[in-house]
Amino acid sequence: MSAPTLQEFQSQVSELLLRHRSLLDVVTKFSQSNASVNRAVSKSITECGCIALNAKNQGFSEEMPLDQAHLQSKSHMEGELCEQCREIIRNEMGKNLFYMSAMCNLLDISLEDVVARESDKCSTLGWFNLT
Ligand SMILES: [Zn+2]
């Protein structure tokens, strides 16, 4: 499976967009698909059990070295996604991305540009500024 560029994906979505021309409709679908991603992740925890949450204070501090913060940040999640949950979550993320692209199309925003700008921000912002 070769990945299309973001530009190619956006054009693809644009061709399929006929049924969802209304911006309001797309905004609603985007929101629903986002909730579906969250629900799929929750189900991996509560129904499948392949991943578990062990949520507590992570004890970050501003002075903490990055590698130390990285180590501690992993302590919240145990296990890894089973193939079935991975497939479901990937599928929901795809739909979410579809409606994100559809919204980009309707608003004349380039998805590639969105990613490029965010990537640029990621490389200039520090670890604690990412929230
Ligand atoms: Zn699972």
Side-chain angles (χ1 to χ4, degrees):
M1 200 168 12
S2 73
T5 65
L6 291 173
Q7 190 55 55
E8 284 164 353
F9 179 64
Q10 194 172 349
S11 308
Q12 224 176 352
V13 171
S14 160
E15 285 161 23
L16 294 171
L17 200 60
L18 295 165
R19 239 158 38 90
H20 303 287
R21 278 254 177 252
S22 143
L23 177 60
L24 254 185
D25 189 31
V26 169
V27 166
T28 304
K29 297 266 188 201
F30 177 58
S31 175
Q32 283 170 348
S33 64
N34 188 18
S36 297
V37 173
N38 297 343
R39 193 164 50 241
V41 173
S42 298
K43 279 185 171 181
S44 302
I45 301 164
T46 58
E47 287 184 18
C48 176
C50 56
I51 55 173
L53 275 195
N54 178 21
K56 57 188 173 196
N57 186 315
Q58 292 192 318
F60 290 147
S61 69
E62 295 278 342
E63 302 78 34
M64 187 177 288
L66 190 58
D67 52 348
Q68 176 71 29
H70 255 297
L71 278 177
Q72 282 192 227
S73 72
K74 283 176 187 160
S75 68
H76 270 182
M77 195 184 100
E78 287 165 19
E80 57 182 69
L81 287 176
C82 68
E83 221 16 77
Q84 197 187 356
C85 289
R86 188 178 300 271
E87 181 61 29
I88 293 168
I89 291 171
R90 211 164 25 204
N91 197 29
E92 299 296 357
M93 284 175 164
K95 280 187 215 159
N96 191 232
L97 204 53
F98 176 91
Y99 288 111
M100 161 93 82
S101 306
M103 205 151 55
C104 284
N105 279 327
L106 291 174
L107 298 172
D108 195 23
I109 288 173
S110 154
L111 187 58
E112 201 165 33
D113 196 35
V114 171
V115 173
R117 283 163 189 262
E118 193 60 28
S119 167
D120 196 48
K121 264 192 256 170
C122 287
S123 53
T124 50
L125 291 177
W127 174 254
F128 286 99
N129 292 320
L130 289 176
T131 50

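As the structure is a computational prediction, the values presented were derived from the model and not from experiment.
Between the CG atom of Asp120 and the CD atom of Glu118 there is a distance of 9.5 Å, given to the nearest 0.5 Å. With rounding to the nearest 0.5 Å, the separation of CD in Gln12 from OG in Ser14 is 10.5 Å. With rounding to the nearest 0.5 angstrom, the CE atom of Met93 is 10.0 Å from the CG atom of Asn34. Atoms CD and CD, on Gln32 and Glu92 in that order, are 11.5 Å from each other to the nearest 0.5 Å. Rounded to the nearest 0.5 Å, atoms OG (Ser101) and CG (Leu106) are 11.0 Å apart. Distance check, rounded to the nearest 0.5 Å: CZ of Arg117 to OG of Ser110 gives 9.0 Å.
The minimum heavy-atom distance between Met103 and Val26, with the atom names listed, is N-CG1, 3.7 Å. When every heavy atom of Leu6 is checked against every heavy atom of Glu112, the shortest pair comes out as CD1-CA, 3.9 Å. Between Phe9 and Leu97, the shortest heavy-atom distance links the atoms CE2-O, 3.8 Å. Nearest heavy-atom pair across Tyr99 and Phe30 is CB-CA, 3.7 Å. Pairing each heavy atom of Cys104 with each of Leu111, the nearest pair is SG-CD1, 4.0 Å.
Note on Val115: it clusters hydrophobically with Leu107, by side-chain heavy-atom contacts below 4.5 Å among ILVMFWY residues. Leu53 and Ile88 fall into different hydrophobic clusters, where Ile, Leu, Val, Met, Phe, Trp and Tyr are joined by side-chain heavy atoms under 4.5 Å apart, directly or via other members.
The backbone N or O of Ala3 lies less than 3.5 Å from no partner atom in the side chain of Glu8, so there is not a single donor-acceptor pair. Distance alone, capped at 3.5 Å, is enough to place a donor-acceptor pair between the Ser33 side chain and the Lys29 backbone. One N or O on the side chain of Ser42 and one on the backbone of Asn38 form a donor-acceptor pair closer than 3.5 Å. Side-chain N or O atoms of Ser31 include none that pairs as donor or acceptor with a backbone N or O of Val27 at under 3.5 Å.
Every side chain to side chain contact (heavy atoms under 4.5 Å, CB included) that Ser44 has, sequence neighbours left out, goes to Cys50, Ile51, Leu81, Cys85, Ile89. Among residues two or more places apart in sequence or in another chain, the salt bridge (charged side-chain N to carboxylate O under 4.0 Å, His left out) test is passed with Arg90 by Glu83, Glu87.
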